[in-house]
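Report on one structure; see the data block that follows.
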Amino acid sequence: MKNWRLHQLWLPLYCSTALLVIATVVGWQIQGLDGAAGAFAGVGVVMASYSMTMLVLAWADSVKTSWVLPLGVLTYMVKFTVIGVVLAGVAASGWKGLPAMGFGVMAGIVVWITAQIIALNRYNRKSSEDTSEAGITSATKQE
């Protein structure tokens with residue numbers, strides 16, 4: 001069960017990539033280049049930060065399970081600090097793509113978390129079915 005976190009990484013990446021394309025096109029249609037860049041950046045920031053968190057947590061779990069919580073908290077602190085500083089800089093610049101970036105971030109979060117819940121649910125269901133089948137098989141062999 002060491003790689004369970006990596007199993008749930010692919011569906012959010014696929015769904016977020018689809019959102020990235022759709023958001024960029026919608027941003028272009030609504031606000032031109034600034035809207036497209038903002039939407040792309042917003043969804044991209046979510047994809048990068050959530051992927052980084054998943055990889056750090058999977059690595060920590062594979063090395064020493066007790067590291068998951070401290071490294072998870074540290075990862076969140078670092079990434080939200082960096083994102084906050086970058087967004088403050090972008091907001092101070094007066095860039096017209098900032099609203100599209102905000103919508104991209106919000107949409108990216110909703111899509112990522114929804115896809116991650118679905119992926120985890122599928123993995124848990126598959127694991128419980130495997131366990132059930134193993135139990136049936138071992139019970140059958142005992143008879």
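Every heavy atom of this structure was used, including side-chain atoms; hydrogens, water molecules and symmetry mates were not.
Smallest separation of non-hydrogen atoms from Q31 and A100: OE1-CB, 4.0 Å. A pairwise comparison of heavy atoms in P12 and A115 identifies CA-CB, 3.6 Å as the closest pair. The two residues P70 and S66 have their closest heavy-atom pair at CD-O, 3.4 Å. Taking both residues in full, the closest heavy atoms of L57 and G72 are given as CD2-CA, 3.6 Å, listed atom of the first, atom of the second, then distance. For the residue pair S49 and K79, the shortest heavy atom distance occurs at O-NZ, 3.3 Å.
For the atom pair CE (M54) and CD (Q8), the distance works out to 4.0 Å, reported to the nearest 0.5 Å. Taken to the nearest 0.5 Å, the OG1 atom of T75 stands 10.5 Å off from the CG atom of L55. In this structure, OH in Y76 is found 12.5 Å from CG in L71, a value given to the nearest 0.5 Å. Atom SG of residue C15 and atom CE of residue M47 lie 10.0 Å apart, to the nearest 0.5 angstrom. In this structure, CE in M101 is found 12.5 Å from CG in D34, a value given to the nearest 0.5 Å. The line from OG1 of T53 to CG of L74 is 10.5 Å long, rounded to the nearest 0.5 Å.
Under the 30°/60° scheme for interplanar angles, the aromatic rings of W67 and W59 are found to be tilted.
Both F40 and Y14 sit in one connected hydrophobic cluster of ILVMFWY residues. Membership requires side-chain heavy atoms under 4.5 Å apart, directly or through other members. V110 and F80 sit in two unconnected hydrophobic clusters of ILVMFWY residues. Membership requires side-chain heavy atoms under 4.5 Å apart, directly or through other members. Residues W28 and L98 do not share a hydrophobic cluster, clusters being chains of Ile/Leu/Val/Met/Phe/Trp/Tyr side chains in contact below 4.5 Å. Both V45 and V82 are members of a single hydrophobic cluster when ILVMFWY side chains are connected at heavy-atom separations under 4.5 Å. Criterion: ILVMFWY side-chain heavy atoms under 4.5 Å apart, direct or through other members. Under it, V26 and L20 are not part of a common hydrophobic cluster.
Proximity of W112 to L13: side-chain heavy atoms (C-beta onward) are separated by under 4.5 Å at one or more points. Taking the side chain as every heavy atom from C-beta outward, Y50 and I109 approach each other to under 4.5 Å. Looking at heavy atoms from C-beta onward, V46 lies out of side-chain contact with L19 at the 4.5 angstrom threshold.
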>> Does L9 form a side-chain contact (heavy atoms from CB on, under 4.5 Å) with Q116? I'd like the steps, not just the answer.
In response: CA-CA 7 Å; L9 180 62; Q116 191 172 14; over 6 Å; no
